[in-house]
Novice: 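Below is one structure. I have some questions about it.
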Amino acid sequence: MAEIEKKPIKITETVLRDAHQSLIATRMPTEFMLPIAEKMDKVGYHSVECWGGATFDASLRFLKEDPWDRLRKLRDKFKNTKLQMLFRGQNILGYRPYADDVVDAFVEKSIANGIDIIRIFDCLNYMPNLQEAVNATNRIKKQEGRGHAQVALSYTLGDAYTLEYWANMAKQIEEMGADSICIKDMAGLLVPYKATELIKAMKENTKLPIQLHTHYTSGVASMTYLKAVEAGVDVIDCAMSPLAMGTSQPATEVMVETFRGTPYDTGYDQDLLAEIADYFAPYRDECLKSGLLSPKVLGVNIKTLLYQVPGGMLSNMVSQLKEQNAEDKYREVLEEIPRVRKDLGEPPLVTPSSQIVGTQAVFNVLMGERYKMATKETKAVLRGEYGQTVKPMSQEVIDKVIPGEKRLTGRFADTLDNEMDKLENEMKEWKQQDEDVLSYALFPQVATDFFKYRQAQQEKVDMTQADTANKAYPV
């Protein structure tokens with residue numbers, strides 16, 4: 001039997017971003033991350049994902065932290081490892097499409113503050129919504145010699161999502177100037193043998209490196225990684241074991257051990273990984289004790305494969321039903337989700353499309369009449385503001401929800417004027433750094449509340465220092 005060529009599998013570590021986003025609602029504070037960062041820097045990871053996604057919103061809203069400050073502090077600790085972020089295409093890290101000048105400024109500041117790899121995705125896999133972020137990354141790479149544009153395809157199931165569809169998308173990503181491709185399987189829908197087919201089909205159409213990101217929600221993720229690695233995938237996303245599994249990623253140490261002694265051996269030191277795991281283990285216990293980590297998100301939910309509902313979307317839906325004292329409608333809403341998804345052109349279910357479909361399904365069930373009440377986001381999807389879907393949307397639903405309205409056929413951002421000057425003017429009283437304008441652009445109210453909090457804290461420090469000085473040097 002011919003010897004297999006050595007091809008060590010690379011790992012992106014998610015414990016500082018997606019792992020805690022998936023399990024504990026993105027509540028890990030920066031001060032907890034910093035003491036272990038230098039040890040993590042010695043592992044030899046392909047990259048550490050530590051920013052983007054929901055971390056930005058959660059930092060400002062719940063942790064009262066400046067997300068830019070977090071990034072700078074982590075950059076200072078990780079001397080040898082690339083830092084990675086998740087970026088929602090034209091939506092950046094927010095929920096609406098932004099003008100190109102905001103996208104450009106955000107990409108520039110992300111790289112300037114320490115990001116190496118920007119993973120860019122669009123909730124509809126609508127390529128025009130990805131192009132500006134890729135262009136901006138490439139411009140900075142040319143100027144500064146730093147920056148890597150990775151385009152992520154939101155993986156989903158449905159008639160339109162054939163092997164040919166994914167292979168063609170891989171080719172388009174290469175043509176648009178990206179540096180690598182990620183298959184972003186946010187709901188854990190990719191099963192092992194389908195992963196073999198998918199990776200092989202995409203590899204035939206592109207020379208770009210392919211990374212695979214999945215979640216353990218449906219229980220198959222580790223097996224999926226095994227088959228994907230054997231099929232030639234280049235990088236996999238894993239999480240340190242205390243914050244792995246459930247709605248998070250497969251455990252880093254388990255995958256390292258799986259490939260030990262094979263052509264895919266990572267070469268990572270298990271003793272070092274054990275020390276890192278020992279640091280996170282008490283934190284996991286604390287989160288369980290406080291209720292921040294619910295045992296519900298740690299099990300396997302095979303219904304994911306049935307309804308294609310990501311873990312975060314499920315928990316969001318449950319809380320919406322609780323607020324309305326309608327938990328008994330849970331199964332009805334689960335069954336309504338695929339119908340709403342079909343009405344809206346069968347989009348992948350990932351932020352923000354997952355929230356839009358889930359919330360509309362809740363409304364449809366609670367109102368007792370489908371689309372009697374439609375959210376403004378549902379209307380925006382039907383107008384084409386989020387981009388074009390793979391399959392046509394229901395004409396019946398369009399006629400009921402936005403009767404007589406004109407629908408977009410191109411990119412919504414093309415209808416927007418530049419925004420940066422206007423945004424800076426709106427928030428100038430709070431501006432302490434250029435990055436503050438971008439925080440405000442994404443979350444105007446949340447950022448303003450944070451700026452007020454920051455100012456109050458600074459005034460407290462100034463008063464304390466003045467008081468200390470007066471005691472030391474009385475007038």
Side-chain angles (χ1 to χ4, degrees), residues 1-15 18-19 39-49 78-84 116-117 119 146 148-153 155 163 166-167 170-171 173-174 178-185 190-214 216 220-241 244-245 249-277:
M1 188 175 157
E3 196 174 316
I4 303 174
E5 182 191 348
K6 282 196 172 179
K7 190 196 171 190
I9 185 64
K10 296 170 185 173
I11 291 178
T12 289
E13 176 58 61
T14 68
V15 73
D18 200 15
K39 211 163 253 185
M40 289 176 68
D41 193 33
K42 292 175 183 164
V43 173
Y45 289 121
H46 169 69
S47 63
V48 168
E49 192 202 33
F78 283 98
K79 311 284 188 199
N80 311 300
T81 310
K82 287 187 167 142
L83 298 184
Q84 184 167 321
D116 298 289
I117 301 170
R119 177 179 289 173
R146 280 185 60 243
H148 174 114
Q150 179 179 85
V151 168
L153 289 170
Y155 183 77
L163 277 181
W166 298 114
K171 197 177 184 66
I173 290 168
E174 187 170 334
D179 296 298
S180 63
I181 297 170
C182 174
I183 300 158
K184 180 176 162 56
D185 178 23
L190 184 59
V191 294
Y193 287 97
K194 291 292 179 192
T196 302
E197 291 174 11
L198 179 61
I199 300 300
K200 284 184 173 171
M202 289 175 77
K203 284 277 180 183
E204 281 169 16
N205 260 29
T206 181
K207 291 184 174 67
L208 293 183
I210 298 177
Q211 183 156 355
L212 179 55
H213 169 94
T214 191
Y216 219 97
V220 299
S222 291
M223 293 181 284
T224 296
Y225 275 175
L226 176 62
K227 299 307 288 182
V229 168
E230 288 174 352
V233 86
D234 299 280
V235 193
I236 52 176
D237 286 10
C238 302
M240 289 304 303
S241 55
M245 318 284 273
Q249 280 75 49
T252 304
E253 309 95 303
V254 173
M255 298 318 299
V256 167
E257 201 55 41
T258 299
F259 298 115
R260 185 176 301 288
T262 74
Y264 314 109
D265 195 331
T266 62
Y268 296 175
D269 179 351
Q270 281 284 28
D271 292 335
L272 177 59
L273 291 174
E275 288 176 41
I276 297 166

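Counting from 1, the numbers follow the sequence of the chain as shown.
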Novice: Within a strict 4.5 Å, meaning less than it, do heavy atoms of the His148 and Ser180 side chains meet?
Specialist: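 Yes, close enough: below the 4.5 Å cut-off.
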Novice: Before giving the answer on side-chain contact (heavy atoms from CB on, under 4.5 Å), spell out for His213 and Ile183 the whole-Å C-alpha distance, their side-chain angles and the decisive distance to 0.1 Å.
Specialist: CA-CA 6 Å; His213 169 94; Ile183 300 158; over 6 Å; no
Novice: We want to know whether Glu13 and Thr252 form a side-chain donor-acceptor pair, criterion being a heavy-atom distance below 3.5 angstrom.
Specialist: yes
Novice: Between Ile117 and Ser47, what is the shortest heavy-atom contact and its length?
Specialist: CD1-CB, 3.9 Å
Novice: Once you round to the nearest 0.5 Å, how far does NZ of Lys184 lie from OG1 of Thr214?
Specialist: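 That separation rounds to 10.0 Å.
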Novice: Under 3.5 Å, which donor-acceptor pairs link side chains of residues 203-212 to any protein atom two or more places apart or in another chain?
Specialist:
residue	atom	partner	partner atom	Å
Lys203	NZ	Gly232	O	3.4
Lys203	NZ	Asp234	OD2	2.6
Asn205	ND2	Ala167	O	3.0
Thr206	OG1	Glu174	OE1	2.5
Thr206	OG1	Leu208	N	3.0
Gln211	OE1	Gln150	NE2	2.9
Gln211	NE2	Thr12	OG1	2.8
Gln211	NE2	Asp237	OD1	2.6

Novice: Asp41 side chain to Asn80 main-chain N or O, any donor-acceptor pair under 3.5 Å?
Specialist: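 Yes, Asp41 side chain to Asn80 backbone: donor-acceptor pair under 3.5 Å.
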Novice: Using 0.5 Å steps for rounding, measure from the OH atom of Tyr268 to the NZ atom of Lys10.
Specialist: 9.0 Å
Novice: Within a strict 4.5 Å, meaning less than it, do heavy atoms of the Leu153 and Cys182 side chains meet?
Specialist: no
Novice: Nearest heavy-atom pair of Ala178 and Val151: which atoms, and what distance?
Specialist: CB-CG2, 3.8 Å
Novice: Find out whether Ile276 and Lys42 are in side-chain contact, i.e. whether some heavy atom of one side chain is under 4.5 Å from a heavy atom of the other.
Specialist: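 SC-SC contact between Ile276 and Lys42 ruled out.
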Novice: To the nearest 0.5 Å, what is the distance between OG1 on Thr224 and OH on Tyr193?
Specialist: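 Those atoms lie 11.0 Å apart.
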Novice: Using the side-chain contact (heavy atoms from CB on, under 4.5 Å) rule, take Arg119 and Gln84 through it: C-alpha gap first, then chi angles, then the decisive distance, then the call.
Specialist: CA-CA 7 Å; Arg119 177 179 289 173; Gln84 184 167 321; 3.1 Å; yes
Novice: Can Arg146 and Asp116 be counted as an ion pair, charged N to O under 4.0 angstrom?
Specialist: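 A salt bridge is present here (some side-chain N lies under 4.0 Å from a carboxylate O).
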Novice: Quick one: CE on Met202 to NZ on Lys171, what's the gap to the nearest 0.5 Å?
Specialist: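 NZ of Lys171 is found 12.5 Å from CE of Met202.
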Novice: Any sub-3.5 Å donor-acceptor pair from Asp265's side-chain atoms to Pro8's backbone N or O?
Specialist: no
Novice: Looking at every non-hydrogen atom in both residues, tell me the closest pair between Met40 and Phe78 and how far apart they are.
Specialist: CB-CE2, 3.8 Å
Novice: Looking at Tyr264 and Glu230, what are the two nearest heavy atoms and their distance?
Specialist: OH-CA, 3.8 Å
Novice: Identify which one of Val43, Thr258, Val256 satisfies the side-chain contact (heavy atoms from CB on, under 4.5 Å) criterion when paired with Thr266.
Specialist: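 Testing Thr266 for a side-chain contact (heavy atoms from CB on, under 4.5 Å) against Val43, Thr258, Val256 leaves exactly one candidate, Val256.
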Novice: Regarding Glu253 and Gln270, is there a side-chain donor-to-acceptor distance under 3.5 Å anywhere?
Specialist: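 No, Gln270 and Glu253 have no side-chain donor paired with an acceptor closer than 3.5 Å.
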Novice: To the nearest 0.5 Å, what is the distance between OG (Ser222) and CD1 (Ile236)?
Specialist: 8.5 Å
Novice: Using 0.5 Å steps for rounding, measure from the NZ atom of Lys7 to the OG1 atom of Thr262.
Specialist: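 Taking NZ in Lys7 and OG1 in Thr262, the distance rounds to 12.0 Å.
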Novice: List the residues meeting side chain to side chain donor-acceptor pair (under 3.5 Å) with Tyr155, not counting sequence neighbours, and say none if there are none.
Specialist: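 Testing Tyr155 for side chain to side chain donor-acceptor pair (under 3.5 Å), a comparison that skips the adjacent residues, returns none.
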Novice: Are any side-chain N or O atoms of Thr14 and backbone N or O atoms of Cys238, one a donor and one an acceptor, separated by less than 3.5 Å?
Specialist: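 The answer is yes, because a donor-acceptor pair under 3.5 Å joins these two groups.
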Novice: What verdict does the side-chain contact (heavy atoms from CB on, under 4.5 Å) test give for Tyr216 and Gln249, after you've listed the backbone C-alpha separation in whole Å, the side-chain angles of each residue and the deciding distance to 0.1 Å?
Specialist: CA-CA 5 Å; Tyr216 219 97; Gln249 280 75 49; over 6 Å; no
Novice: Would you please test Lys82 and Val48 for side-chain contact (heavy atoms from CB on, under 4.5 Å) and show each step?
Specialist: CA-CA 6 Å; Lys82 287 187 167 142; Val48 168; over 6 Å; no
